[in-house]
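Below: one structure, written as structure tokens.
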Amino acid sequence: MIDIGTLERRSTTAIVTIDSPSVNALGSVVRAKLIALLAQTVADPSVSVVTCRGRTFFAGADITEIAGPARLSSFPELLDLIEGQGKPVIAAIHGEEVHPWSA
């Protein structure tokens with residue numbers, strides 16, 4: 001199985017990158033990986049940045065899951081995790097390089 005997500009730390013920034021070709025659809029596997037990686041940053045004082053490899057950020061729902069059996073929705077858990085971190089979580093849309101922000 002290909003690892004679709006990574007967590008990298010650069011100075012004061014924790015960077016979560018999703019790489020799920022072809023369009024980084026937010027299917028159940030991608031949501032679960034995103035939750036797992038963001039959960040690792042909760043106790044870390046770093047700013048969290050979410051980015052995607054490829055030509056799109058998250059392209060929306062995974063349409064291959066629509067006709068299949070109902071899957072437990074993890075969208076509320078993902079949004080609660082992002083909103084409850086108590087620190088910024090930034091979406092780096094089409095950003096090739098993420099730079100820590102300075103005053």
So Lys87 and Asp44, salt bridge (charged side-chain N to carboxylate O under 4.0 Å, His left out) or not? Walk me through it. CA-CA 10 Å; Lys87 61 182 174 185; Asp44 186 330; 5.1 Å; no
Return yes if some donor-acceptor pair links the side-chain N/O of Ser20 with the main-chain N/O of Ile4 below 3.5 Å, else return no. no
Report yes if the side chains of Glu77 and Ile35 come closer than 4.5 Å at any heavy-atom pair, otherwise no. yes
Should Leu34 and Val50 count as side-chain neighbours, where that means a heavy-atom distance under 4.5 Å? yes
Please report the interatomic distance CD1(Ile82) to OG1(Thr41), rounded to the nearest 0.5 Å. 9.5 Å
Transitive ILVMFWY side-chain link Val89 to Phe75, under 4.5 Å: yes
Which pair of non-hydrogen atoms, one from Asp62 and one from Thr64, has the smallest distance, and what is that distance? OD1-OG1, 2.6 Å
Going hydrophobic residue to hydrophobic residue with side-chain gaps under 4.5 angstrom, can you get from Val29 over to Ile18? yes
If you count heavy atoms of other groups shown closer than 6.0 angstrom to CG of Leu79, is the number above 12? yes
Side-chain heavy-atom pair Gln40, Val16 within 4.5 angstrom cut-off: no
Is any side-chain heavy atom of Ile15 less than 4.5 Å from a side-chain heavy atom of Thr51? yes
Looking at OG of Ser74 and NZ of Lys33, how far apart are the two atoms once the value is rounded to the nearest 0.5 Å? 14.0 Å
Counting distance only, does the side-chain N/O of Arg9 pair as donor-acceptor with the main-chain N or O of Ala14 below 3.5 Å? no
OG1-CG distance between Thr6 and Asp19, expressed to the nearest 0.5 angstrom: 8.0 Å
We want to know whether Ser28 and Glu65 form a side-chain donor-acceptor pair, criterion being a heavy-atom distance below 3.5 angstrom. yes
Looking at OG1 of Thr17 and CG of Leu37, how far apart are the two atoms once the value is rounded to the nearest 0.5 Å? 9.0 Å
Can you give me the closest heavy-atom contact between Asn24 and Phe57, atom names plus distance? CB-O, 3.4 Å
Is it true that Thr13 and Ser46 share a donor-acceptor pair across their side chains at a distance under 3.5 Å? no
Kindly indicate whether the side chain of Leu81, heavy atoms from C-beta on, has any atom under 4.5 Å from the side chain of Val42. yes
